[in-house]
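Below is one structure, written out as structure tokens; comments come after it.
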Amino acid sequence: MRLKRTVTCGQLTTANINQEVILNGWIATSRDHGGVIFLDLRDRYGKTQVTFNPDQTPELAVEAKRLGMEDVIAVRGMVRARPDGNINSTMPTGEIELIVSELEVLNEAQPLPFLVSDRESGSEDLRLEYRYLELRTEELQKIMAMRSKTYESTRRRLSAEGFMEFETPVLMKSTPEGARDYLVPSRIHKGRFYALPQSPQTYKQLLMIAGFDKYFQIVKCFRDEDLRADRQPEFTQIDIEMSFVDQDDVIGLATRIARGIFKDILDYELPETFPTMSYKNAMETYGSDKPDIRFEMELIEFARYAEKTDFAVFKDNLAAGGRVKALVLKKAADKYSRKVTDDLTAWLKTYYGLKGLAFVKLEQSDFSAGISKFFPDDLQKKIVSDLGLEHNDIVFFVSDTGPRTLQSLGALRLELAKRENLIPKDIISPLFVLDFPLLDWDEDSQRYIAMHHPFTSPNPEDIELMESDPGKVRARAYDLVINGYEVAGGSIRIHTREMQSRMFELIGMDEAEAQARFGFLLKAFKYGAPPHGGIAFGFDRLIMLLAGTENIRDVIAFPKTTSAASLMDEAPSWVDEHQLKELHIKLLD
RNA sequence: GGGAUCGUAGUUCAGUUUGGUUAGAACGCCGGCCUGUCAAGCCGGAGGUCGCCGGUUCGAGCCCGGUCGGUCCCGCCA
């Protein structure tokens, strides 16, 4: 190219007046007045108005006339102060303009599928097809810059703390536990497959055994499961592992990393230590293992009142070992007509398998509507006084099996908070959830499965329960939850062969199977494995919080749709027959 | 695997309730006018397999069945 930029489109000010400069960039808008022509030239640093004046350069004005949006040009010119009354105070470069003396058209753009100046001007599938254009929008340019700064902040802090950065294999052995693996067929080994890592879990443990006591990696992970607004099939983790540490050391480091990132990127001060809550408490109080604690509205234990009511559903469920819990929405009963409560009930039925949702409204200090007639007067008075109920409050009741009661009331808590705008924006509320159960009973396979993963160490206080009451054993596992998002999760690992074998046994994996699947790790444990533990941050979710978006596709340069397809390059795609043949693969159907 | 919802010019949408002449608007695009705008303005023009397949009907953008794709949710995500 002839005219290489000497400055960017975001940096010229009145200090540069009378300097000759060259700008390169995309045309954001053009304003043709028949005589004078204005172009706003854009690059990722900003926009500058460049002006073509037919009195001075008539031949350039003719050429500029046919330029349109998103053409790429280079211009040489003199920086001038804009005439009086023509200053644009909404842009940083609004006091100056570039009077063009030389123009090089680098590339012209076809008519655009949507406006780069307005991200809402195209539907999401169209924007994904032309993702490189969407990435030119101001919003995504900012988020990508934020993401880049976060990589940098993370690396700088971990390096300063003495961590070594590693790369671990992307082609690895398939692990049966956990999420579905993405598989890669081996050409050389007929009928065998590599798997893409769900996480580099085993490798980082082996690096601990190798003596690299502080490891980290910013790494892609792959899980072949169905997607959500905050889940992509490939996503990024800040993966961390440390030797000779206990839970508090890992939590301390995770706190410093999170504090550092929010300080560096948003200049937001998180507390020096984050609050903690047990898994049990989180479930009982918020109906979630990742509670959003930006607002109160806690779940209330209601069994002691429910048993004194005349409501058969409560009594039957309690007798059957179920639960009754309640949720109070303050000062909003008038907004919850029969239709609204019916809709909420239908929603809970559909998604959480709940049989019903009961409620009462407060009319002055008396129960009204819903199931109020099942509450004797003296019981009403006691509840009103115990719970501090006031006029126009509405109390929702859920009664079902324990887990279903907690989960659905937790979902209702979030839904009501959204409807009533109870969630304060601009607040970031971190929380460590601790003492997760080691195991989870799986109805389908009628066995225990590891709740976190099978390398998670049991809490030493509960080890004696491992065989007698496995469901009660707590793990040394911890999650960092921010604003209701699971942002990081980790555990202290098992580091002895004996304990690892006991764990495999608990989840119904016999010695032969354990050998076949994790023999390499069990073998390594025999050669001096140090006590170790770690944590992994969901990097994309962290960026979501920093950017204030609820969609993970906003923070990934080239994301996939909810059917795990890329609309831009049309992956996944069919492959040639000979490619399949080389891989010894034959398609059914 | 299940549920909800959306699909109409290049794009964003209206039209679907109640089937009926030539499917509209805005932005973008093309042409013309216009020398200080910054979402420039004014005038004109081109642009449609109403996602796709089938059905009902004299007649379907509109009703019915199926299908494909986007989004959100449940299951799933150690």
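The sequence lines fix the lettering, A, B, ..., with proteins before strands; numbering per chain opens at 1.
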Side-chain donor/acceptor contact of A/Arg231 with base of B/C76 under 3.5 Å:
yes

Taking OP1 and OP2 of B/U11, is either one under 4.0 Å from a side-chain nitrogen or oxygen of A/Ser121?
no

Heavy atoms from C-beta onward define the side chain here; which of B/G70, B/G3, B/U37 lies closest to that of A/Thr350?
B/G3

To the nearest angstrom, how far is A/Leu348 atom CG from B/G75 atom P?
12 Å

Side chains of A/Thr202 and A/Gln205 only: does a donor on one sit below 3.5 Å from an acceptor on the other?
no

Under a 3.5 Å cutoff, is there a donor and acceptor pairing between the side chains of A/Gln232 and A/Asp540?
no

Span that lies between the C1' atom of B/G55 and that of B/G19, in whole angstrom:
15 Å

Mate of B/G7 where both pairing distances stay under 3.5 Å, Watson-Crick or G-U
B/C68

With a non-hydrogen cut-off below 4.0 angstrom, is A/Leu126 in contact with a base, only sugar-phosphate, or nothing?
sugar-phosphate

Between B/G15 and B/U21, how far is it from one C1' atom to the other, in whole Å?
16 Å

A/Glu570, CD: over 12 other non-hydrogen atoms inside 6.0 angstrom:
no

Can a donor-acceptor pair be found between the side chains of A/Asp554 and A/Thr549 at a distance below 3.5 Å?
yes

Nearest-nucleotide 5' precedence on RNA chain B, A/Arg180 against A/Ala229:
A/Ala229

Closest to the side chain of A/Ala179, out of B/C77, B/U71, B/C72, is B/C77

Under 3.5 Å, N/O pairs linking protein and nucleotides 29-34 of chain B:
from  : atom 1 : to      : atom 2 : distance (Å)
B/C34 : N3     : A/Gly34 : N      : 3.1

Qualifying residues under side chain to side chain donor-acceptor pair (under 3.5 Å), relative to A/Lys220, sequence neighbours excluded:
A/Glu234

So, does the side chain of A/Tyr351 form a donor-acceptor pair with the base of B/G75 at under 3.5 Å?
no

Would you kindly give the CD-to-P distance between A/Gln232 and B/G70, to the nearest whole Å?
12 Å

Side chain of A/Thr562 only, heavy atoms from C-beta on: which candidate in B/C72, B/C77, B/G36 is closest?
B/C72

Select base, sugar-phosphate, or nothing to describe what A/Phe38 touches, counting heavy atoms under 4.0 Å on all strands.
base

Nearest 0.5 Å, what's the CG-CD distance between A/Asp43 and A/Gln141?
8.5 Å

Let's see if you can work this out: which of B/G36, B/C27, B/A40 has an atom nearest to the side-chain heavy atoms of A/Leu115?
B/C27

Per nearest nucleotide of RNA chain B, the residue lying toward the 5' end, A/Gly94 or A/Asn551, is A/Gly94

If you measure from the P atom in B/U22 to the same atom in B/C68, how many Å do you get, rounded?
35 Å

Answer for the Watson-Crick or wobble partner of B/G75, both distances under 3.5 Å, is none

Donor-acceptor contacts, no H, no angles, side chain residues 405-413 of chain A, under 3.5 Å, sequence neighbours left out:
from     : atom 1 : to       : atom 2 : distance (Å)
A/Thr405 : OG1    : A/Asp400 : N      : 3.0
A/Thr405 : OG1    : A/Asp400 : O      : 3.1
A/Thr405 : OG1    : A/Thr401 : O      : 2.7
A/Ser408 : OG     : A/Arg404 : O      : 2.6
A/Arg413 : NE     : A/Glu296 : O      : 3.1
A/Arg413 : NE     : A/Met297 : O      : 2.8
A/Arg413 : NH1    : A/Asp292 : O      : 3.4
A/Arg413 : NH2    : A/Asp292 : O      : 2.9
A/Arg413 : NH2    : A/Phe295 : O      : 2.8
A/Arg413 : NH2    : A/Glu296 : O      : 2.9

Whole-Å gap separating C1' (B/C74) and CZ (A/Arg228):
7 Å

Any side-chain N or O of A/Arg541 less than 4.0 Å from the OP1 or OP2 oxygen of B/C77?
no

To the nearest Å, give me how far apart NZ (A/Lys47) and C1' (B/A39) are.
10 Å

Tell me whether the OP1 or OP2 atom of B/G70 has a side-chain N or O from A/Ser563 closer than 4.0 Å.
yes

Note: A/Arg180-A/Glu225 ion pair, threshold 4.0 Å (strictly below)
yes

Hey, do the aromatic rings of A/Phe436 and A/Tyr279 have their centres closer than 6.0 Å?
yes

Which part of the nucleic acid does A/Ser123 contact within heavy-atom distance under 4.0 Å: base, sugar-phosphate only, or nothing?
sugar-phosphate

Phosphate OP1/OP2 of B/A40: any A/Arg31 side-chain N/O under 4.0 Å
yes

Tell me what A/Glu97 touches on the nucleic acid: a base, only sugar-phosphate, or nothing, going by heavy atoms under 4.0 Å.
base

Base, sugar-phosphate alone, or nothing: which one does A/Pro454 contact when heavy atoms must sit under 4.0 Å apart?
base

With sequence neighbours excluded, tell me which residues meet side chain to side chain donor-acceptor pair (under 3.5 Å) with A/Gln217.
A/Thr168, A/Tyr215

Any residue meeting side chain to side chain donor-acceptor pair (under 3.5 Å) with A/Lys204, in chain and number order, not counting sequence neighbours
A/Asp239, A/Glu241

Euclidean distance for P, B/G1 against B/A40 (whole angstrom):
48 Å

Between B/A39 (P) and A/Asn88 (CG): distance, integer Å
7 Å

Are any of A/Gln407's side-chain N or O atoms less than 4.0 Å away from OP1 or OP2 of B/C73?
no

Is A/Tyr352 touching bases, backbone alone, or none of the nucleic acid, heavy atoms closer than 4.0 Å?
sugar-phosphate

Keeping A/Asn88 on the side-chain end and A/Thr90 on the backbone end, is there a donor-acceptor pair under 3.5 Å?
yes

So if I take every side-chain heavy atom of A/Asn86 and compare against B/G36, B/C72, B/C77, which nucleotide ends up nearest?
B/G36

Distance, P atom - from B/G2 to B/A46, rounded to whole angstrom
48 Å

Are the ring centres of A/Phe504 and A/Phe518 closer than 6.0 Å?
yes

Given B/A40, is OP1 or OP2 found less than 4.0 Å from the side-chain N or O atoms of A/Thr29?
yes

B/G70 base / A/Arg127 side chain donor-acceptor hit below 3.5 Å:
no

If pairing requires Watson-Crick or G-U wobble contacts with both distances under 3.5 Å, which nucleotide is the partner of B/C63?
B/G55

Pull out every residue in residues 479-504 of chain A that has a heavy atom closer than 4.0 Å to any atom of RNA chain B, ordered by number, or say none.
none

What I want to check is whether an N or O donor and acceptor connect the side chain of A/Gln49 with the base of B/U37 at under 3.5 Å.
yes

Is it the case that the base of B/G75 and the side chain of A/Asp226 share a donor-acceptor contact (distance under 3.5 Å, atom types as modelled)?
yes

Between B/C72 (C1') and A/Lys418 (NZ): distance, integer Å:
11 Å

In whole Å, measure the gap between the C1' atoms of B/G48 and B/G24 for me.
12 Å

Between B/G36, B/U11, B/C76, spot the one nearest the side chain of A/Glu225, thanks.
B/C76

For the side chain of A/Asp40, starting at C-beta, report the closest nucleotide among B/C76, B/G36, B/C38.
B/C38

